Amino acid sequence: MDPGSSNNEASRITLQLMQKEMVNSVNSETYSRFVLAGASCMTATMVTNPIEVVKIRMQLDNELGSKHQSKNIFHDRYYKGLIRTGLTRLYKEEGIRGLYRGISPALLRQACYSSTRLGAYEPIKEIIGASDPHSTPLWKKISAGMISGMIGSFIATPTDLVKIRFQAVKRGDVSPYKNMFHAFYQITKKEGFFGLWTGVKPTVQRAMVLSGTQIPAYDHTKHFFLNAELLSEGILLHGVSAFVAGFVATSIASPFDIVRTRYMNQPKSSTGKPLIYSGTLDCIFKTVRHEGLLALYKGFFPNWTRTGLDTVIIFLVYEQLRKFAGINPM
């Protein structure tokens with residue numbers, strides 16, 4: 001046998017093994033990103049769920065009614081603020097159970113939605129040509145965030161629907177659902193299988209806006225500080241970048257959040273037809289006509305508090321988990 005031929009064959013086999021090992025390594029890292037993303041977002045939800053409940057209640061407060069009562073759209077609100085009449089009143093009236101109303105579908109939602117939107121962000125960014133995280137154009141980051149958010153929110157819409165309906169139930173009201181699984185069953189039974197995707201359009205729109213601002217804002221802010229050598233990789237950098245991302249995301253996504261909440265919580269006819277809002281634009285027009293333009297920012301402070309705190313926790317935990325797992329920082 002020709003020694004040269006044997007050496008070539010051995011080199012070919014070695015190269016194939018190396019390529020296979022690299023592919024397996026990349027796949028393993030991608031799967032790990034999804035798992036770690038879900039874990040970090042579920043951790044944040046455990047902390048911020050009480051704020052989320054108050055936000056939902058404030059968004060539904062005096063729905064389409066305050067314009068008839070006063071020129072002040074916040075007239076006679078039941079929840080007038082986050083702390084004194086929000087969290088405090090919620091705790092006094094409903095206890096810990098009220099603060100963590102809807103926690104089961106909220107955690108399931110994060111396992112579906114956020115693991116996808118955050119875990120898929122970097123792979124999608126690479127697919128559209130982002131090879132260097134330090135010099136990736138902002139538009140590619142925004143595109144990757146919007147695409148991953150769209151996919152994740154579509155998958156998780158049923159969990160979002162159940163979460164909002166649970167969190168909207170106030171003290172004294174009777175919930176039509178015994179638990180999360182009963183809710184899925186009842187919605188499917190009364191509204192059909194696709195009833196689980198009620199509000200999918202505003203939900204996807206909100207997710208595209210949120211993920212298209214929150215994740216890219218964190219990514220871009222972080223690498224701005226790194227490239228300018230103002231901060232180095234670490235908890236301080238992650239915290240500052242996440243704080244900026246949380247404010248940017250809340251400011252842009254709040255109107256979409258209002259629409260999603262109201263559209264999903266509205267009553268339906270026996271045939272499953274929405275009784276108040278026919279779509280995203282109809283919800284926006286009716287809200288503004290009856291309550292004024294600022295109504296689109298109802299619950300902004302708890303929303304910012306929740307989203308800001310949520311964003312900080314998510315990225316701090318996510319970056320630390322990546323470090324522990326031996327994955328490079330974002």
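All values derive from a computational prediction rather than experimental measurement. Just so it is clear, the values below take in all heavy atoms, side chains as well, and ignore hydrogens, waters and symmetry mates.
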Item to check | CA sep, side-chain torsions, deciding dist, call: E122, R322, salt bridge (Lys or Arg N to Asp or Glu O under 4.0 Å) | outcome: CA-CA 13 Å; E122 288 169 283; R322 288 171 68 116; 2.6 Å; yes
Item to check | Test side-chain contact (heavy atoms from CB on, under 4.5 Å) applied to Y297 and I258, step by step | outcome: CA-CA 7 Å; Y297 283 88; I258 286 278; over 6 Å; no
Checklist entry - Could you walk me through whether R165 and E191 pass the salt bridge (Lys or Arg N to Asp or Glu O under 4.0 Å) check? => result CA-CA 14 Å; R165 291 191 179 180; E191 303 175 30; 2.9 Å; yes
Item to check | Test log, rule side-chain contact (heavy atoms from CB on, under 4.5 Å), inputs K125 and D219 | outcome: CA-CA 11 Å; K125 192 170 67 169; D219 190 358; 2.8 Å; yes
Item to check | side-chain contact (heavy atoms from CB on, under 4.5 Å) assessment of Y177 paired with I187 | outcome: CA-CA 9 Å; Y177 313 119; I187 292 172; 3.6 Å; yes
Checklist entry - Can you check side-chain contact (heavy atoms from CB on, under 4.5 Å) on I215 and M330, steps first, answer last? => result CA-CA 10 Å; I215 304 176; M330 280 188 68; 4.1 Å; yes
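Clustering ILVMFWY residues whenever any of their side-chain heavy atoms sit less than 4.5 angstrom apart, transitively, puts V209 in a cluster other than the one holding I314. Hydrophobic cluster membership differs between V244 and L316, with clusters built from Ile, Leu, Val, Met, Phe, Trp and Tyr side chains linked at under 4.5 angstrom. Under the 4.5 Å side-chain heavy-atom criterion for Ile, Leu, Val, Met, Phe, Trp and Tyr, L210 and I147 are members of distinct hydrophobic clusters. Both L108 and F166 sit in one connected hydrophobic cluster of ILVMFWY residues. Membership requires side-chain heavy atoms under 4.5 Å apart, directly or through other members. In the hydrophobic clustering of ILVMFWY residues, with side-chain heavy atoms under 4.5 Å counting as a link, I127 and M146 come out apart.
Residues Q214 and R117 meet the side-chain proximity criterion, which asks for heavy atoms closer than 4.5 Å. Side-chain contact between Y318 and L36 is present, with heavy atoms from C-beta onward closer than 4.5 Å. S114 has its side chain out of reach of L118: every pair of non-hydrogen atoms, C-beta onward, lies at least 4.5 Å apart. Contact check for Q266 versus R262: no side-chain heavy atoms found under the 4.5 Å cut-off. Using a 4.5 Å heavy-atom threshold, the side chains of M180 and T159 count as separate. No side-chain heavy atom of N328 sits less than 4.5 Å from a side-chain heavy atom of K323. Looking only at side-chain heavy atoms (C-beta outward), Q205 and V259 stay at 4.5 Å or farther from each other. Residues C283 and T287 are in side-chain contact: their nearest non-hydrogen atoms beyond the backbone lie under 4.5 Å apart.
Heavy atoms only, all atoms of each residue included: G212 and P216 are closest at O-CG, 3.4 Å. Taking each heavy atom of V162 and F184 in turn, the nearest pair found is CG2-CE2, 3.6 Å. Contact detail for Y218 and A242: the closest heavy-atom pair is CD1-N, 3.5 Å. Between Y113 and S153, the shortest heavy-atom contact is CD1-N, 3.4 Å. Closest non-hydrogen pair, K141 versus T136, comes out as CE-O, 3.4 Å. The minimum heavy-atom distance linking D282 with Y277 is given by the pair OD2-CA, 3.2 Å.
Partners of F243 by ring-ring contact (aromatic ring centres under 6.0 Å, His included), not counting sequence neighbours: none found.
Between E29 and R33 there is a salt bridge, since a side-chain N of the basic residue sits under 4.0 Å from a carboxylate O of the acidic one. Salt bridge E319/K222: present, at least one basic N to carboxylate O contact under 4.0 Å.
Looking only at distances, a side-chain donor or acceptor of W197 sits under 3.5 Å from a matching main-chain atom of F154. A donor-acceptor pair under 3.5 Å is absent between the side-chain atoms of S241 and the main chain of H238, judged by distance alone. Side chain of S148 to backbone of G145: a donor-acceptor contact under 3.5 angstrom is found. Judged purely by atom type and a 3.5 angstrom limit, S40 uses its side chain to pair as donor or acceptor with the backbone of A37. Q110 places no side-chain N or O within 3.5 Å of a backbone atom of G38 that could act as its donor or acceptor partner. Judged purely by atom type and a 3.5 angstrom limit, K140 uses its side chain to pair as donor or acceptor with the backbone of G129. In this structure, the side chain of R109 does not engage the main chain of K163 through any donor-acceptor pair within 3.5 Å. Listed for the N227 side chain is a donor-acceptor partner under 3.5 Å among the backbone atoms of H223. At distances below 3.5 Å, not a single donor-acceptor pair connects side-chain atoms of E94 with backbone N or O atoms of L99. Formation of a donor-acceptor pair under 3.5 Å by the N265 side chain with backbone atoms of A168 is not found in this model.
Between the CD1 atom of I327 and the OG1 atom of T30 there is a distance of 8.5 Å, given to the nearest 0.5 Å. Atoms CD1 and OG1, from I164 and T198 in turn, are 11.0 Å apart once rounded to the nearest 0.5 Å. Note: D310 CG to F315 CZ = 9.5 Å, rounded to the nearest 0.5 Å. Atom CZ of R206 sits about 4.5 Å away from atom CG of D257, to the nearest 0.5 Å. To the nearest 0.5 Å, atoms OH (Y185) and CG (L196) are separated by 13.0 Å. Atom CG of residue N49 and atom CD1 of residue I103 lie 4.0 Å apart, to the nearest 0.5 angstrom.
In summary, the side chains of D160 and T157 do not present any donor paired with an acceptor at a separation below 3.5 Å, with no hydrogens or angles considered.
For the pair R260 and Y263, the cation-pi criterion (under 6.0 Å, within 45° of the ring axis) is not fulfilled.
More than 12 heavy-atom neighbours from other residues, nucleotides or ligands sit within 6.0 angstrom of NZ on K268. Open room surrounds CZ on F256; 12 or fewer heavy atoms of other groups in view lie less than 6.0 Å from it. Around atom CG of L275, more than 12 heavy atoms belonging to other residues, nucleotides or ligands sit under 6.0 Å away.
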